[in-house]
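Taking it in order: structure first as structure tokens, then the write-up.
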Amino acid sequence: MAKPGTAPATGPDAPKPDANKPEPGAPTTVDPQAGEPIVPDATFNAALPPLSDDLNAPLEPMPATRSEPLVAPAPIVPTGTMPPPATPEPELAQPLQPLGSTDTVPLVTAADVVDADAPEIRYETVVRGLEPIGLDDEFKSLSALEDGDGKAGNATQVNARAREDEALAVRLMKSLGYYDGVAVSTLETIPGQPVRLRAIVTATPGRLYKLAAITVTAAPTTPPNLVREQLPLRTGDPIEAARIQGAEANVSLILPQRGYPFIKVGERDILLDDETVTGDYTLPVDTGPRSSFGALRTQGDAVFDLDHLNVFPRFKPGELYDNRKADDLRQALVATGLFNGLGVEPVRTGQPGPDGTEQIDLMVSQTAGPQRSLAGSAGYGTGEGAKVEASWTHRNLFPPEGGLILTAIGGTQQQGASATFRRQNAGRRDRSFSAGLAANHSSYDAFDAFTGTAFVRWAYDSTPIWQKRFTYAFGAELTGTNESVFDFGRNERVRRTYGIAAIPAQAVWDTSDDLLNPTRGYRLKLNLSPETSVQGSVRPYARTMVEGTVYYPINDSLVIAGRARAGSIFGIDRDDLSPSRRYYGGGGGSVRGYGFQRLGPFEPVSSLVPDDEGNIDIGNLRPVGGRSINEFAIEARYRFGNFGIVPFIDAGNAYDSTFPTASDLRMGAGIGGRFYTNFGPMRVDLATPLNPRPGDGKVALYVSIGQAF
């Protein structure tokens with residue numbers, strides 16, 4: 001077997017031969033580029049190490065070529081001992097800096113530095129492709145470019161806003177059913193304006209997707225298909241987000257009114273088909289049990305016990321559940337003003353109700369609120385003067401809902417005070433009982449009276465929560481009054497004292513649409529008060545008044561309102577009546593343009609004293625009132641926003657006769673302003689008489705709360 005050849009070791013660890021000493025017998029070759037001799041092949045092959053025929057032989061150790069290692073060897077640590085600790089860095093050994101002395105100003109980077117001399121970028125926004133599908137205005141209201149008001153710090157900021165508007169345009173198109181819609185934004189410079197850009201957002205709606213199959217997965221209902229009937233979606237309708245969300249909201253709204261208080265509308269699924277450009281719509285609905293009203297429960301800080309709570313519901317146990325009636329119960333309790341927090345929630349009982357329903361109780365969660373309140377009002381009328389009224393009320397001094405009301409009135413022509421006990425919801429919802437005492441002083445052209453009254457009253461009233469078709473009131477009064485009265489026999493004014501016993505009653509039929517600011521419908525009101533006057537002898541009589549009002553809307557902004565009223569006093573002569581019980585016309589609630597109580601019979605002219613020139617100013621005559629009255633009014637109520645303008649014409653008069661006549665009607669006209677609030681309109685009316693008498697004023701002003709009628 002031939003002995004393999006040998007060659008000297010080569011490589012980075014091989015011994016460095018003397019470059020200047022050639023091998024014996026080897027020709028010397030010089031590299032023409034490097035100027036160094038090239039190793040011949042024979043020399044190179046001779047330097048290779050011998051190879052073994054045994055493939056499993058271990059590798060031969062490589063000769064060491066360095067006298068020192070590159071890395072110092074790790075120290076040898078005896079077993080069971082710890083190595084010596086490393087020398088700590090001096091900076092790490094220092095204590096931490098206190099937080100209070102830490103500089104909290106953030107570092108300023110190069111990106112944060114703004115060149116104060118850099119010009120502000122101005123841009124204009126152009127939107128294309130959205131106007132044909134009706135999204136142009138909505139896009140502009142949400143656009144980041146539009147929100148920037150055409151100003152930016154640099155072009156990068158404008159580009160970021162444009163990218164945001166791309167996504168906005170796509171979302172808006174999808175909301176209308178354009179699921180293939182795309183949007184692209186571009187920036188371009190405006191020639192001649194180096195710091196002005198034009199941002200263009202171009203939208204391509206693509207195809208409009210429409211509903212195909214509509215599937216509702218729900219348990220059987222009574223009546224059948226109740227859920228599907230309350231989902232107003234049809235095959236072929238565009239897949240509009242607002243329409244679909246509104247349809248689902250309608251299901252959530254209507255089913256609790258039809259006996260399903262626990263309905264839960266699940267998450268919809270719409271499967272789009274690119275070929276047919278349609279989408280299959282699926283809606284899961286958990287209807288819960290069909291339910292009927294059960295009993296009331298209560299928890300929390302009880303203001304009312306269960307006996308009084310059961311006065312408020314407008315439903316009976318066993319009736320099919322209707323969440324509108326549950327909401328009405330909550331609103332009626334809130335209207336008492338005695339709660340700081342209140343909740344009315346249905347509670348499952350598992351008990352069977354009628355017609356296969358489940359009985360559902362209502363849990364009333366009560367939290368007591370403040371029971372005392374202060375209130376005030378003010379007004380002014382020509383002839384009536386200014387008047388301010390303040391009241392203090394404790395609404396639950398005598399539970400349940402037995403309140404005490406203290407009232408004081410101050411004005412240029414009226415002063416008084418009263419104390420009233422009133423029980424709200426007395427045995428029946430919205431029925432009240434009142435009893436009280438009042439003392440009053442009135443000083444008007446017609447009379448000057450000091451009056452004391454004791455009264456009781458029962459009433460069944462309308463409220464803003466529940467405006468009723470029919471309401472009523474009745475009661476009893478005892479009045480003692482000392483008044484100035486003109487004695488026609490003596491031709492002078494004297495003071496007389498009257499004792500009056502009355503049983504007043506009122507009935508109202510109301511079809512109007514609002515208690516404080518009606519816009520349609522009509523009202524009929526009848527007042528009847530059998531009375532007895534004691535002034536020397538007993539004289540029974542009856543005071544009556546009938547009034548009708550009508551409201552007719554021309555459009556959403558204009559309402560025509562009209563009123564007619566007539567009153568009569570039977571069974572007594574006018575001069576035997578106390579002046580405060582007679583009828584007078586004129587004023588803000590009567591015929592505007594004339595002073596308060598200035599319409600009707602007057603004292604005789606002979607009662608006046610002529611001036612130095614012998615003239616008599618009949619404007620100084622004092623009214624004496626009458627036994628009958630008639631009034632008519634028509635208004636055009638034009639409203640814009642929270643304001644309104646109301647031109648009006650009034651007519652009427654008071655008469656000495658038992659029944660009113662159409663003769664000698666006095667007419668006034670004017671214009672009013674309205675400011676509409678959540679508690680009713682504020683009214684300011686300016687009027688003038690159209691057929692004035694000598695001495696009537698030219699202008700009359702009225703300021704109050706609420707419409708004239």
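Computed over heavy atoms, backbone and side chain alike; hydrogens, waters and symmetry mates excluded. The structure displayed is predicted, hence computed values, not measured ones.
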Looking just at side-chain N and O atoms, do [X] and [Y] make a donor-acceptor pair shorter than 3.5 Å?
X      : Y      : value
Gln299 : Ser365 : yes
Gln257 : Asp322 : no
Thr481 : Thr479 : no

Salt bridge check, [Y] against [X]: does any charged N sit closer than 4.0 Å to a carboxylate O?
X      : Y      : answer
Glu358 : Arg290 : no
Asp650 : Arg666 : no
Glu531 : Arg581 : yes
Glu635 : Arg592 : yes

Heavy-atom donor-acceptor pair, [X] side chain to [Y] backbone, under 3.5 Å:
X      : Y      : result
Gln467 : Leu515 : yes
Arg431 : Gln424 : no
Arg395 : Gly337 : yes
Asn630 : Pro660 : no
Asp514 : Leu516 : yes
Ser443 : Asp448 : no
Asn555 : Leu558 : yes
Gln415 : Gly411 : yes
Arg422 : Gly402 : no

Whether Phe450 and His441 hold their rings parallel, tilted or perpendicular, with breakpoints at 30° and 60°: parallel
- prompt: Which word best sums up how the rings of Phe643 and Phe675 line up, parallel for under 30°, tilted for 30 to 60°, or perpendicular for over 60°?
  reply: tilted
How about [X] and [Y]: do any of their side-chain heavy atoms sit closer than 4.5 Å?
X      : Y      : answer
Arg674 : Val646 : yes
Ile705 : Met682 : yes
Asp510 : Thr471 : no
Leu333 : Phe339 : yes
Leu342 : Thr367 : no
Val364 : Phe312 : no
Val624 : Phe488 : yes

[X] and [Y]: which non-hydrogen atoms are nearest, and at how many Å?
X      : Y      : result
Glu603 : Leu621 : O-CD2, 3.7 Å
Gly593 : Tyr702 : N-OH, 3.0 Å
Ser533 : Tyr498 : OG-CD2, 4.0 Å
Ala501 : Leu478 : CB-CD2, 3.8 Å
Ile572 : Ile569 : CG2-CG2, 4.0 Å
Ser512 : Arg523 : OG-NE, 3.1 Å

In Å, rounded to the nearest 0.5 Å, how long is the span from [atom1] of [X] to [atom2] of [Y]?
X      : Y      : atom1 : atom2 : answer
Tyr444 : Tyr584 : OH    : OH    : 11.5 Å
Ile465 : Leu329 : CD1   : CG    : 10.5 Å
Phe304 : Leu309 : CZ    : CG    : 7.5 Å
Leu437 : Ser418 : CG    : OG    : 9.0 Å

- line: ring-ring contact (aromatic ring centres under 6.0 Å, His included) pairs touching residues 541-581, sequence neighbours excluded, are Phe570-Phe659
message: Let's go through Gln597 and Asp445 carefully: what are the C-alpha distance in whole Å and the side-chain angles of both, what is the deciding distance for side chain to side chain donor-acceptor pair (under 3.5 Å) to 0.1 Å, and is it a yes or a no?
response: CA-CA 8 Å; Gln597 298 181 338; Asp445 290 343; over 6 Å; no
- request: Can you tell me which residue pairs pass the side-chain hydrogen bond (donor to acceptor under 3.5 Å, both in side chains) test with a partner in residues 333-344, sequence neighbours excluded?
  value: none
- line: Residue pairs passing the side-chain hydrogen bond (donor to acceptor under 3.5 Å, both in side chains) test with at least one member in residues 308-320, sequence neighbours excluded, are His308-Glu401, Arg314-Asp328, Glu319-Lys325
- prompt: Pairs in or reaching into residues 460-473: which pass salt bridge (charged side-chain N to carboxylate O under 4.0 Å, His left out), with residues at least two apart or in two chains?
  reply: Asp430-Lys468
query: Cation over ring, Arg428 on Tyr460, under 6.0 Å and within 45°?
result: yes
query: Taking the six-membered ring of Tyr655 as reference, does the NZ or CZ atom of Arg627 fall below 6.0 Å from its centre and within a 45° cone about the axis?
result: no
- request: Could I get the full list of side chain to side chain donor-acceptor pair (under 3.5 Å) partners for Ser442, not counting sequence neighbours?
  value: Asn440
field: Results of side chain to side chain donor-acceptor pair (under 3.5 Å) for Arg683 - residues two or more places apart only
entry: Asp685, Ser704
query: With a 6.0 Å cut-off on ring centres, are Phe262 and Tyr260 close enough?
result: no
